[in-house]
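Quick notes on the structure that follows.
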Amino acid sequence: MSASLHPHDLLDHALTEAGPLARELLNVVQDELDAQPQHFPLREGWRKVRAGFAADFEGRLIELLQAGRRGEDPLNRAPLQLGGLESLSLVDEHQALQDVAIAHVAHTAEELSRAELHQIGNFYAALRGTARARERDNPLRPALYAHALHHALAASPLAAQTQYELMRVAATPMARALHRQYTQACAALRAADISDMVASHGHAQTDPLAHQRLAAARGVGMRPTNHGTLDGLSRRVDAVNSGPQGLGAALPRDARAPDARAPAPFVRTTGPDMLSRLYDQILADPRLLPPLKALLARLQIAVVRLARSDTMLLRRQDHPTWALLNRVAAHGMAFERADDPRLVDFLRFMEGEAQLLVDAPTPTAALFQQVLARVDARIDQQARQSSERNAVALAALEREHQRNDWRELLREQIDHQVADAPLGPRMRRFLQTSWVDVIVAAMVRHGRDSHEAQAAMELVDALLDSLITPRDMADREALRMRLPVLIERLVAGCDSLQLPEARREPPLTELMAQHARLLRGLPAQDPSEHRPVPPRPAAASSAPASADEIVKRLMEERDSQMPSHWLSADVDRGELPTVPVQLYNEHDSPDARAALQRWIDGLQIGRWFHLFIQGDWHTAQIAWIGEGRQFMLFVGREAEERLSLTRKALEALLSNGLITALDDDNVVQRAVDTLMSDLDGG
């Protein structure tokens, strides 16, 4: 490298531009808001931000750039330390909205400066001596600026939706400003006479489709990928074989020319030949770890034998055989290391299943289906074991999430129960408010159908029964015997909420007076004092105090804080499959809602995903799905990595192309696409 360009020169220039960039954004964002009528509602939120925006943005950006100058990963942050329920590492729709905004800002800048970022990335890859440029190795990458922008907006008390919309407004002005800086950086590389070197660094490893898949995964300009199919491949082979010169004639001139160094062309390819080529492509997939390739190679014996008797194997892509290979490969590809204990355990299990298929006298599709079912069960079991320590706390967390819905339903139910009951006004209000909270608290602590919750609900019936006028002395004596137990249960319920005396004493005193009348042979309510039933009281403005204790206990029991490793784990986004975001991102469309529902309903424990959370990509496996599918627990590549997401957070990520299943880009499909490309001349 030329001595005229010091390794820190580009970063030093970016540091000097941090202040001017902050002031420029302050002005251009204001111009955008003033110029576009649809942005007028955001001007009030921007007014709250303006005073400290430039200083907050510049300060945060300088911190990030200086970390890069020290050779650190600027975004390798510590686990979140939030208050309340979020202390349980819960990612809700507001967090997901933040991630969508950060991804949008970064992607907008990357699209505008792709060529420049390629050169800058290669420059830093060359400095580090790495074989290819990785996005996180570039200390000037747009993601840093997107995080600084979010930090500046989050410093003011803005709603999550307002922050999100302001981020989107600032995305294009930010991209233009960064394009100028990146252009200047590339000019410095050319002036130092090293632009040719960095432009070609790692060129051989570059995937020409990487940017296309990356853009697809981020949900920008998304289009469904037109994959080939096994049946289409077979028909294509048959059609070309039926031609006068066979399949070789369909290849381009270079492919037909004799060349000892070139792979053998498709010439009169038969079923076995096609299967062999298809399997070769599967085993050539660079994402497969060596022991996984060895396992799939061993399974090839059974697959070839099955092909002799099953004509549908090369016609049906949903054949159990291909489904088994895809499932095994997708699960294995989720691990980074061949010595990962979970992968070793899975491969040990698969050895027995593979031997069963190889030893079968006549392999059948049904036998492959049986093995697939056992593989699914094994993956499910392995994932559930990862969540055992967290399942109780997460189930309680999900119940806490349903507290308000349950409260509303119970109020309606109790309103109906007490409508014609001879209750005094204080006890009526007590049942409609405080006792509803007692029942809900029991449901949250112990479960909706728990004995404790059922007992609290049944007490309402017992209390109403106690107000029926006794017919004779025997009934009065039976009532006298029941009352101590009834009052004791009411007091215990009040104690469970730590209900103040001022809220429990008046209704209990009123109830005791009614019982005294009944024991004297009088009706519970004096007819002269009967009043119309008052309307239902408004909902309580806050949850009972004991809810904080429940959350505190859950926090103490659960050890699933977001680990910092997730924020530095390598996810090759060039390998992410496309996601048809247009199916999901029209929230008001019935088709979009139905598509979201189908996707959520299709989630299964054990499946692996790439997802963009807290400003970075992670690889994680579903280990627990809550009742009603409102909560999901994901476990990362390391056994201690955990993250729980709400359903709405998952929907937000899906609608913006920020989550994709590893199964979606399966090894068989990739092999079929490669062979179709070969048939079409590359």
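Note that the structure is predicted; figures quoted are calculated from it, not measured.
For R426, the side-chain contact (heavy atoms from CB on, under 4.5 Å) partners are R429, P506, P507, E510, not counting sequence neighbours. For E477, the salt bridge (Lys or Arg N to Asp or Glu O under 4.0 Å) test picks out R480, with sequence neighbours left out.
Here CG of L603 is found 6.0 Å from CZ of R629. Values are rounded to the nearest 0.5 Å. The distance from atom CG of L611 to atom CD1 of I659, rounded to the nearest 0.5 Å, is 5.0 Å.
Closest non-hydrogen pair, V460 versus Q417, comes out as CG1-NE2, 3.8 Å. Between S466 and H515, the shortest heavy-atom distance links the atoms OG-NE2, 2.9 Å. P470 and L479 make their closest contact through CG-CD2, 4.2 Å (heavy atoms, listed as atom of the first residue, atom of the second, distance). Contact detail for A524 and L518: the closest heavy-atom pair is N-CD2, 3.5 Å.
Checking side-chain atoms of Q382 against main-chain N and O of G606 turns up no donor-acceptor pair under 3.5 Å. Remark: side-chain polar atoms of Q432 are not paired, donor with acceptor, to backbone N or O of I414 under 3.5 angstrom. Within the 3.5 Å criterion, the main-chain N or O of Q163 finds no donor-acceptor partner in the side chain of R168.
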Give the table of side-chain donor-acceptor pairs shorter than 3.5 Å for residues 481-495, with sequence neighbours excluded, one pair per line with atom names and distance.
{"residue": "R489", "atom": "NH2", "partner": "A455", "partner atom": "O", "Å": "3.0"}
{"residue": "D495", "atom": "OD1", "partner": "R504", "partner atom": "NH1", "Å": "2.8"}
{"residue": "D495", "atom": "OD1", "partner": "R504", "partner atom": "NH2", "Å": "3.0"}

Distance-only check: which donor-acceptor pairs under 3.5 Å involve side-chain atoms of residues 148-156, not counting sequence neighbours?
{"residue": "H150", "atom": "NE2", "partner": "Q98", "partner atom": "OE1", "Å": "3.2"}
{"residue": "S156", "atom": "OG", "partner": "K48", "partner atom": "O", "Å": "3.4"}

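Under the 3.5 Å distance criterion, with hydrogens and angles disregarded, no donor-acceptor pair is assigned to the side chains of T660 and H610. For the residue pair Q30/R50, the side-chain donor-acceptor check at 3.5 Å is satisfied.
For an aromatic pair to be called close, the ring centres must be under 6.0 Å apart, and W46 with F53 satisfies this.
Between W435 and F430, the ring-plane angle classifies as tilted under the 30° and 60° cut-offs.
Annotation: salt bridge (Lys or Arg N to Asp or Glu O under 4.0 Å) contacts involving residues 452-472, sequence neighbours excluded, comprise R471-D475. Sorted by first and then second residue, the pairs that involve residues 598-611 and meet salt bridge (Lys or Arg N to Asp or Glu O under 4.0 Å), not counting sequence neighbours, are D376-R607, R607-D663.
The cationic group of R43 lies under 6.0 Å from the six-membered ring centre of F40 and within 45° of the ring axis, placing it in a cation-pi geometry.
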